[in-house]
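Chain letters run A, B, ... following the sequence lines, proteins first and then strands; every chain starts at 1. The shown structure was predicted, so the numbers you read here are calculated from the model rather than taken from an experiment.
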Amino acid sequence: MFEALREAMIEEMTLDPTVCMIGEDVGDYGGSYKVSKGLAEMFGDLRVLDTPIAENSFTGMGVGAAMKGLRPVVEGMNMGFLLLAYNQISNNCGMLHYTSGGQFKIPIVIRGPGGVGRQLGAEHSQRLESYFQSIPGLQMVACSTPYNAKGLLKAAIRSENPVVVFEHVLLYNLKEKIPDEEYICCLEEAEMVRPGSQVTILTYSRMRYHVMQAAKTLVNKGYDPEVIDIRSLKPFDLHTIGKSIKKTHRVLVVEECMRTGGIGASLRSAIIDNFWDDLDAPPTCLSSQDVPTPYAATLEDATVVQPAQIVAAVEQICQ
Amino acid sequence: MAAASFTAAKFLAPVAARSGGDKAPSFPAAAAASMRPLRRRPAPRLSSVLAVSSDVLAGNKAAPAAAAHPAVTREEALELYEDMVLGRNFEDMCAQMYYRGKMFGFVHLYNGQEAVSTGFIKLLNQPDCVVSTYRDHVHALSKGVPARSVMAELFGKATGCCRGQGGSMHMFSEPHNLLGGFAFIGEGIPVATGAAFAAKYRHEVLKQSGPDGLDVTLAFFGDGTCNNGQFFECLNMAQLWKLPIVFVVENNLWAIGMSHLRATSDPEIWKKGPAFGMPGVHVDGMDVLKVREVAKEAIDRARRGEGPTLVECETYRFRGHSLADPDELRRPDEKSHYAARDPITSLKKYIIEQNLASEAELKSIEKKIDDVVEEAVEFADASPLPPRSQLLENVFADPKGFGIGPDGKYRCEDPKFTQGTAQV
């Protein structure tokens, strides 16, 4: 996946000279996760800017540059570090187009890896999508495959809106054959992963893989789940989601966010608002525990949703 | 670096002369007594600190003897005079309108600081950028935003420069390259740094060069901001990449009720420039001609690609922090000291003494400005309030960001969408 993201960056930076990258170790080091390997040599030190460790200020710098016509891609070395940039992401990225009465666009992309990794400790295992989702004026997408990573990053760069692209630490080494021809994924659309008829499972990012693992078990047990990777965390693709719920009448959300205030909480709310009459069972959500991610492997495994829990939840819903 | 120290020396020499070279002015007991007697915490004892090189605190009552002022043409002097009078009258009108219930919320007035805005901004060209704080009305006016647009914005009308969506603390104007208006202190400085980065990028990557050199960005902020992380982070980055930016500190000695001396370990803000490798300059911010001279050099440096400058302007706000501030902490003699150095009165005196214009001509400028400000109020009064349908229009530059509704269509395709709520 890191190569897919890298290809997206190279293609967009070649097509449009106003696209640039800003972040720690994106230049000489080639990016902590190799997303920008070789890019500084190709495009120069100003277009692939190695910053000092000052997230709030270099994110704000990206905002100012975007207001003056550039299209910066700001990398958070780990998404968690962008908590330091919250002032700029909330007040400036999200709001300036509105408070300026529409005078200034902020076509910025903020991207980086987040999520629970392998024993990285609490601070490197955060899920910022739940913290950012309330910010008005922001779009948020989560990529999960090399194919949609490239397509979503390209779309995010081309969008006139500020877009946060959530990548996952454990997915960078995923391999997949992707088209040679240019393609873009729609920022606002969800992705059908496995069509089915019995229950709708909504998920995103790494949990997609836990869901698919559970789906294998469920199919063997005779169930027929429909798996949708929602991809667009804000706004939700209520068309794809609604079509599915109208078919299956049962929905399970599987997310890596914590229980409280996560994407799942908003998604359940939206489902109740829009599709209450189509539901035969309460909309269920499996989330991570409300716990700072522990270092110990056994505890860490217990923090996030595991395939066995997904199987159990589907069996419960389909009773 | 040699270049930086050369220009720094040029700037620093007059400052050293002012504070008597190596002799550190001691912190007088009188200033310590400026703390309200009811305060629980005793006033800080700063015995051998190098105080801000301010006349009040150094114990000098009189303004420094008029150093030879740089020559200014009649046209320039009148332009400066008119701009400062506009700033002053506009802000006075804001106070009136606020108390008459025409504008609301937090309103921070600039009275007394006009020399800084005028001294710097009248040197800029249209492509140069200004980034300000919540005390931004006068920066907007100096940059050329029409008084009627600013007043209408303050009244919350649809004809305001931000369609009524920004308000007093968020003045923006794309045609005038005014990049805000920010409520949180310090949060505009990175935006200014980004605008300067974009100017350098346009020159080096896009090969779009203006005839005069790089487009310059001015970042205005106060003494309180100089203790904030974003300030330091941006000083570092701006110098690292030699960005075409001038950091203009409007040190009016007070951050709401917090005296600069109580908040800052080393109160001489200009010294923080050389700590990051850039020139740091202190200037009398009540004297528009001195400000202008320093500004010219700092702006030209930036334009030539030599990088940023930190300029500390010693200035004073005649009114409270905002219209809600009772302003009880500042001593009357401090206030009257600076009132005696009113930048508008000083310039008027200078213009007349130097025979650049007559009293009558200055009066006619004042009358003209009175009319401009009155017209601005009439315009704002007569303008419509924003309609309900305006609520969602500018949330996204691309309204596809509102997403796809259950019917499969983008919500923004529905013409009734802006009449709905913002919940998606």
Side-chain angles (χ1 to χ4, degrees), chain A residues 17-18 20 22 43-44 46-47 49 51-52 54 56-70 72 87-88 91-92 96-107 136-139 159-161 163 187-189 232 234-243 270 273-275, chain B residues 129 131 160-167 170 172-174 177 179-184 186-187 189-202 204-206 217 229-230 233-234 236-237 240-241 393-398 400-411 422-424:
Chain A
T18 64
C20 55
I22 297 175
F43 296 106
L46 211 57
R47 288 192 76 186
L49 188 73
T51 62
N56 198 28
S57 291
F58 70 67
T59 303
M61 205 175 91
V63 172
M67 288 166 81
K68 285 305 294 173
L70 301 189
N87 182 180
Q88 294 293 337
N91 288 10
N92 290 351
L96 289 192
H97 182 73
Y98 191 82
T99 46
S100 69
Q103 294 184 79
F104 289 98
K105 288 183 326 196
I106 325 278
L138 271 193
Q139 274 189 258
S159 171
E160 303 292 16
N161 298 332
V163 182
L187 287 176
E188 296 88 21
E189 276 176 12
S232 179
K234 181 181 171 141
F236 295 133
D237 175 1
L238 289 183
H239 177 62
T240 306
I241 292 169
K243 240 176 40 179
D273 281 348
N274 288 283
F275 309 119
Chain B
C129 297
V131 176
C161 52
C162 300
R163 309 182 78 201
Q165 290 164 198
H170 304 286
F172 288 81
S173 175
E174 199 271 328
N177 280 305
L179 270 59
F182 292 91
F184 286 18
E187 74 180 350
I189 305 179
V191 173
T193 308
F197 174 80
K200 182 180 168 92
Y201 191 101
R202 278 196 298 279
E204 288 184 22
V205 175
L206 304 177
T217 301
Q230 287 171 104
E233 290 174 359
C234 290
N236 180 44
M237 292 196 294
L240 197 56
W241 300 316
E393 276 172 7
N394 302 123
V395 175
F396 290 106
D398 178 358
K400 298 220 294 287
F402 285 116
I404 300 170
D407 62 4
K409 291 210 298 230
Y410 275 99
R411 289 163 195 274
Q423 290 152 353
V424 289

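For the residue pair A:Pro52 and B:Leu240, the shortest heavy atom distance occurs at CG-CD2, 3.9 Å. Residues A:Pro235 and B:Gly401 approach most closely at CG-O, 3.2 Å, considering heavy atoms.
Listed for the B:Asp398 side chain is no donor-acceptor partner under 3.5 Å among the backbone atoms of A:Asn161. Judged by distance alone, the side chain of A:Gln103 and the main-chain N or O of B:Phe172 form a donor-acceptor pair under 3.5 Å.
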Checklist line | Derivation and outcome, side chain to side chain contact (heavy atoms under 4.5 Å, CB included), residues A:Glu188 and B:Phe402 | finding: CA-CA 9 Å; A:Glu188 296 88 21; B:Phe402 285 116; over 6 Å; no

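For a residue to count as touching a neighbouring chain, one of its non-hydrogen atoms must lie under 4.5 Å from one of that chain's; by this rule A:Gln88 touches chain B with the side chain only. Only the backbone of A:Leu138 comes within contact range of chain B, with at least one heavy atom under 4.5 Å from a heavy atom of that chain. Contact of B:Glu204 with chain A is made through the side chain alone, with heavy-atom distances under 4.5 Å. With a 4.5 Å cut-off on non-hydrogen atoms, B:Thr217 does not touch chain A at all. Heavy atoms of A:Asn87 lying under 4.5 Å from chain B belong to its backbone as well as its side chain. Looking at A:Leu70, only its side chain comes within 4.5 Å of chain B, counting heavy atoms on both sides.
Enclosure of atom OH in B:Tyr410 by more than 12 non-hydrogen atoms of other residues, nucleotides or ligands within 6.0 angstrom is indicated.
The distance from atom CD of B:Glu187 to atom CG of A:Asn91, rounded to the nearest 0.5 Å, is 4.5 Å. Distance OG/A:Ser57 to CG/B:Asn236: 9.5 Å, rounded to 0.5 Å. Residue A:Leu96 holds its CG atom at 12.5 Å from CG of B:Asn394, rounded to the nearest 0.5 Å. Put simply, SG on B:Cys234 and CZ on A:Phe58 are 11.5 Å apart, with the number rounded to the nearest 0.5 Å.
Each of A:Lys105, A:Glu160, A:Gln139, A:His97 was checked for a side-chain contact (heavy atoms from CB on, under 4.5 Å) with B:Phe396, and the lone residue meeting it is A:Gln139.
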